[in-house]
Amino acid sequence: MYEQEKIKPYDGNGDKAKLVETMFDNIAPTYDKLNHHLSWDIDKGWRRKAIAQIAPYKPQRILDIATGTGDFAILSAKMLKPTSLIGADISEGMMAIGREKVKQEGLSEVIAFQKEDCLNLTFEDNAFDAVTAAFGIRNFQSLDKGLSEICRVLKKGGHLSIVELTTPVSFPMKQLFRIYSSTILPTYGRIISKDKSAYEYLNKTIEAFPQGEEMMQIFKKAGFSKASFKRLTFGICTMYLAEK
């Protein structure tokens with residue numbers, strides 16, 4: 001078990017998947033605002049880079065795991081022009097906002113949302129050309145099981161593109177980020193979302209989540225043939241690319 005799997009929102013009373021679902025339902029109305037403000041909108045650039053790294057493979061059927069309010073799915077649809085894209089998430093509250101955004105963008109014929117347990121996906125083997133995930137896999141109750149499921153539903157030669165928040169490894173960003181994440185992030189999150197526990201939980205999982213070289217071995221264990229990573233913005237975010 002990885003360290004972040006032991007961390008649960010709301011004092012850990014209950015099943016992690018259910019607690020995470022409740023947490024995201026609670027913070028859904030303010031999630032987008034907080035995400036962009038807390039990263040100074042840099043998260044939009046991270047998403048673009050993650051989508052750009054699978055563009056050469058021209059995926060036509062895409063699954064966006066832990067899709068949340070659909071930002072990554074919408075950007076993927078615009079940049080990659082797939083024939084179909086499914087946004088999967090455990091939180092109906094988050095996806096309800098995503099559906100409205102998709103309607104406003106005129107992408108309803110391309111993007112569909114579906115409630116899924118990411119550890120037990122309902123899709124057939126080899127169903128997708130690509131899978132994407134932005135800032136979601138660290139909430140998996142079991143990282144190994146979640147990545148194995150993603151590998152299962154990917155076609156042979158298909159790609160997984162991930163962006164995930166990480167902790168910088170070099171001075172002085174490592175120290176500055178620790179101060180920011182332990183004071184400003186949870187305080188601002190509590191003020192805007194009215195949910196103190198949610199942003200304390202999210203901060204703790206960033207610190208505990210495996211990253212970089214360690215993730216390379218985790219991808220291999222999940223069944224991927226190769227994987228690579230690139231740290232972005234001094235290591236605040238890490239971008240991964242894995243191939244089945």
Side-chain angles (χ1 to χ4, degrees), residues 9-10 17 19-52 62-80 82 85-116 118 131-140 161-166 177 180-181 183-206 209 232-233 236-239:
Y10 306 123
L19 291 170
V20 168
E21 179 182 0
T22 299
M23 179 191 75
F24 280 112
D25 282 344
N26 289 344
I27 65 175
T30 57
Y31 182 79
D32 284 342
K33 180 180 180 180
L34 276 166
N35 233 18
H36 301 322
H37 284 195
L38 288 170
S39 71
W40 300 291
D41 279 341
I42 299 172
D43 63 300
K44 296 177 182 178
W46 295 336
R47 287 185 175 92
R48 286 190 174 276
K49 287 179 183 293
I51 295 167
I62 300 173
L63 173 64
D64 186 39
I65 286 283
T67 195
T69 62
D71 276 359
F72 208 25
I74 291 168
L75 192 56
S76 291
K78 289 179 177 179
M79 289 179 64
L80 301 176
L85 194 157
I86 296 175
D89 203 282
I90 199 171
S91 168
E92 285 287 5
M94 296 283 276
M95 289 191 293
I97 293 170
R99 290 185 182 100
E100 287 303 312
K101 287 158 70 171
V102 165
K103 284 180 186 177
Q104 292 171 13
E105 294 285 351
L107 293 169
S108 296
E109 291 185 6
V110 178
I111 301 174
F113 290 90
Q114 192 166 315
K115 184 170 183 176
E116 289 282 340
C118 293
V131 177
T132 58
F135 318 120
I137 64 168
R138 74 179 192 278
N139 297 309
F140 285 179
S161 181
I162 293 173
V163 278
E164 187 56 78
L165 294 171
T166 47
F177 182 76
Y180 173 75
S181 62
T183 55
I184 296 172
L185 192 154
T187 301
Y188 189 64
R190 182 179 68 249
I191 292 169
I192 300 299
S193 72
K194 312 301 181 188
D195 192 326
K196 178 183 179 182
S197 178
Y199 284 87
E200 287 180 346
Y201 159 80
L202 291 170
N203 181 44
K204 289 177 182 176
T205 56
I206 295 170
F209 193 69
L232 306 175
T233 317
I236 293 172
C237 176
T238 301
M239 180 171 69

Atom of M79, atom of A52 and distance for their closest heavy-atom approach: CE-N, 4.2 Å
Nearest atoms (heavy-atom pairs only) where S161 meets F72: O-CE2, 4.3 Å
Please tabulate, for the side chains in residues 95-102, all donor-acceptor contacts under 3.5 angstrom to protein atoms that are two or more places apart in sequence or on a different chain.
{"unit_1": "K101", "atom_1": "NZ", "unit_2": "D32", "atom_2": "OD2", "d": "2.7"}
{"unit_1": "K101", "atom_1": "NZ", "unit_2": "T69", "atom_2": "O", "d": "3.1"}
{"unit_1": "K101", "atom_1": "NZ", "unit_2": "T69", "atom_2": "OG1", "d": "3.1"}
{"unit_1": "K101", "atom_1": "NZ", "unit_2": "D71", "atom_2": "OD1", "d": "2.5"}

Closest contact, heavy atoms only, C237 versus F135: SG-CE2, 4.2 Å
Shortest non-hydrogen separation from L85 to A77 and the atoms involved: CD1-N, 4.1 Å
Sub-4.5 Å side-chain heavy-atom contact between F140 and V20: no
L232 CG to L165 CG distance, which is reported to the nearest 0.5 Å: 10.5 Å
4.5 Å side-chain heavy-atom contact, E164 and T238: no
Atom pair OG1/CD1 of T67 and I111 - distance to nearest 0.5 Å: 8.0 Å
Partners meeting side-chain contact (heavy atoms from CB on, under 4.5 Å) with L19 (sequence neighbours left out): K8, P9, Y10
Contacts of type side chain to side chain donor-acceptor pair (under 3.5 Å), residue N139, not counting sequence neighbours: Y201
Heavy-atom pair of closest approach, residues V163 and A50: CG1-CB, 3.5 Å
Q114 CD to L63 CG distance, which is reported to the nearest 0.5 Å: 9.0 Å
Partners meeting salt bridge (Lys or Arg N to Asp or Glu O under 4.0 Å) with E21 (sequence neighbours left out): K18, K115
Residue list, side chain to side chain donor-acceptor pair (under 3.5 Å) with T132, at least two apart or on another chain: D64
Nearest heavy-atom neighbours spanning A66 and C118: N-SG, 4.2 Å
CG-NZ distance between L107 and K78, expressed to the nearest 0.5 angstrom: 6.5 Å
All side chain to side chain donor-acceptor pair (under 3.5 Å) counterparts of T22, not counting sequence neighbours: none
Contacts of S91 that satisfy side-chain contact (heavy atoms from CB on, under 4.5 Å) - sequence neighbours left out: F24, D25, D89, M94
Pairwise distance OG1(T205) to CZ(R138) - rounded to 0.5 angstrom: 4.0 Å
Test side chain to side chain donor-acceptor pair (under 3.5 Å) applied to T233 - qualifying residues, sequence neighbours left out: W46
